[in-house]
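In what follows, chains carry the letters A, B, and so on, assigned in the order in which the sequence lines appear, proteins first and then strands, with residues in each chain numbered from 1. Any value given below was found using the heavy atoms of this structure, including those in side chains, with hydrogens, waters and symmetry copies removed.
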2 protein chains.
Amino acid sequence: MYKRYSKQRTLILEIVKSTHSHPSADWIYNKARKIMTKISRGTVYRNLNQLAENGEINVIKDGDVMKYDGNILRHDHLLCTKCDSVYDINILPKDLDKKVQRLINFDVKQISLTIEGICQNH
Amino acid sequence: MYKRYSKQRTLILEIVKSTHSHPSADWIYNKARKIMTKISRGTVYRNLNQLAENGEINVIKDGDVMKYDGNILRHDHLLCTKCDSVYDINILPKDLDKKVQRLINFDVKQISLTIEGICQNH
DNA sequence: TAACAAATAGGAATCATTCCTGTTTATAAT
DNA sequence: ATTATAAACAGGAATGATTCCTATTTGTTA
């Protein structure tokens with residue numbers, strides 16, 4: 001089995017990497033359509049899932065919508081519940097994974113801290 | 001405006017409080033139907049949202065499904081990605097809210113830490 | 001250049017959740 | 001108690017993000 005690099009996947013990755021705005025799949029789809037008119041929703045979803053599985057991008061659960069993050073360095077999120085904006089922040093120490101792993105009998109894959117509240121714009 | 005206490009809401013709250021299994025709305029709906037045969041899905045969802053808004057129960061985002069937690073004391077969650085189980089754990093200090101609030105210009109409402117991985121059953 | 005698995009487009013299907021409407025019910029005022 | 005009324009309900013339709021399906025296209029290898 002070999003790995004294929006389609007133009008679609010490359011474009012989707014570029015779009016996610018090119019913004020700090022933590023976009024939704026739909027936002028990414030619309031942005032992609034401006035460049036590749038005939039790209040389909042299914043392709044966007046499939047590639048986002050695949051890129052996330054490969055660890056090339058991150059996923060944030062924002063209510064019932066998934067958002068995507070090109071920043072794969074460990075960091076935390078501020079989520080404004082009024083405007084649904086997501087901001088990056090660093091609260092947790094970078095080695096927390098290992099500390100937690102020592103404390104509990106659980107195969108730790110990812111630690112995510114989200115702070116919900118209301119941002120300065122309100 | 002006054003506050004109404006329907007039998008349905010009381011039952012739903014009791015069900016959520018009576019388990020540590022972090023059930024989904026659908027699980028709660030089915031459990032409720034065994035006691036109150038004609039209760040509707042809409043009622044379950046409406047009341048879960050309302051109870052969560054009042055701070056009487058907590059909400060956990062598990063993928064694209066919401067789960068509910070009768071434990072409103074501050075705590076963190078272990079989420080097993082193989083069996084979708086949620087376990088309670090205490091990692092963060094209880095006064096983290098206040099510490100974070102001092103650090104950032106953001107009206108902090110809730111801090112949630114979720115550790116994803118694979119539990120002992122696998 | 002041929003063979004073939006991977007990826008795609010387009011659209012249908014899924015499924016949790018919300019919304020809508022006519023009816024019932026808990027509370028407050030009389 | 002009775003009545004008035006807004007809150008809550010049941011039942012079912014609508015929504016919307018995401019996944020799934022199928023015939024077609026496209027990268028990669030031989």
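Linking ILVMFWY residues whenever their side-chain heavy atoms come closer than 4.5 Å, directly or via other members, places B:L103 and B:L96 in the same cluster. The hydrophobic cluster containing A:I91 also contains B:I91, counting ILVMFWY residues as joined when their side-chain heavy atoms lie under 4.5 angstrom apart, directly or transitively. No continuous path of hydrophobic side-chain contacts links A:I60 to A:V44 [ILVMFWY only; heavy atoms under 4.5 Å].
Set against C:dA7, D:dT19, C:dT17, the side chain of B:M66 has C:dT17 as its closest nucleotide. In the set C:dA9, D:dG27, C:dT18, C:dT18 carries the atom at the smallest distance from any side-chain atom of B:N49. Set against D:dA17, D:dG27, C:dT17, the side chain of A:Y45 has D:dA17 as its closest nucleotide.
For B:Q50 and D:dA8, the shortest distance from a side-chain N or O to OP1 or OP2 is below 4.0 Å. Close to D:dA10, at under 4.0 Å from its OP1 or OP2, lies a side-chain N or O of B:Q8. Neither OP1 nor OP2 of D:dA8 sits under 4.0 Å from any side-chain N or O of B:T43. In this structure, A:S40 reaches the C:dA9 phosphate: one of its side-chain N or O atoms is under 4.0 Å from OP1 or OP2.
Spacing between atom OH of A:Y5 and atom P of D:dT29 amounts to 13 Å, rounded to whole angstrom units. In this structure, A:N54 places its CG atom 15 Å from P of C:dA6, rounding to the nearest Å. Between the CD1 atom of A:I12 and the P atom of D:dT18 there is a distance of 14 Å, given to the nearest Å. Computed from coordinates, the B:N30 CG to C:dA16 C1' distance equals 14 Å when rounded to whole Å. B:Y29 has its OH atom 15 Å from the C1' atom of C:dT18, to the nearest Å. Between the CD atom of B:E53 and the P atom of D:dA8 there is a distance of 12 Å, given to the nearest Å. Atoms NZ (A:K67) and P (D:dA17) sit 12 Å apart, rounded to a whole Å. Rounded to an integer number of Å, the gap from NZ of B:K61 to C1' of C:dT17 is 15 Å.
Ranked by how close their nearest DNA chain C nucleotide is to the 5' end, B:S6 and A:V44 are led by A:V44. Comparing A:V65 and B:T37 by the nucleotide of DNA chain D that holds the closest heavy atom to each, the one mapping nearer the 5' end is B:T37.
We find the CG-OH distance between A:N49 and A:Y68 to be 5.5 Å, quoted to the nearest 0.5 Å.
A:R74 places no side-chain N or O within 3.5 Å of a backbone atom of A:L92 that could act as its donor or acceptor partner.
Residues B:D88 and B:H22 have side chains that bring a donor and an acceptor to within less than 3.5 angstrom of each other.
Counting non-hydrogen atoms of neighbouring residues, nucleotides and ligands closer than 6.0 angstrom, the NZ atom of A:K17 exceeds 12 such neighbours.
Within the nucleic acid shown, B:N47 comes within 4.0 Å of sugar-phosphate atoms alone, with no base atom in reach, counting heavy atoms only.
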Protein-nucleotides 20-26 of chain D N/O pairs closer than 3.5 Å?
from: D:dT26; atom 1: O2; to: A:R4; atom 2: NH2; distance (Å): 2.9

Taking only distance into account, with no hydrogens and no angle test, what donor-acceptor pairs under 3.5 Å do side-chain atoms of residues 105-117 of chain A form with protein atoms, sequence neighbours excluded?
from: A:D107; atom 1: OD2; to: A:K109; atom 2: NZ; distance (Å): 3.4
from: A:E116; atom 1: OE2; to: B:K61; atom 2: NZ; distance (Å): 3.1

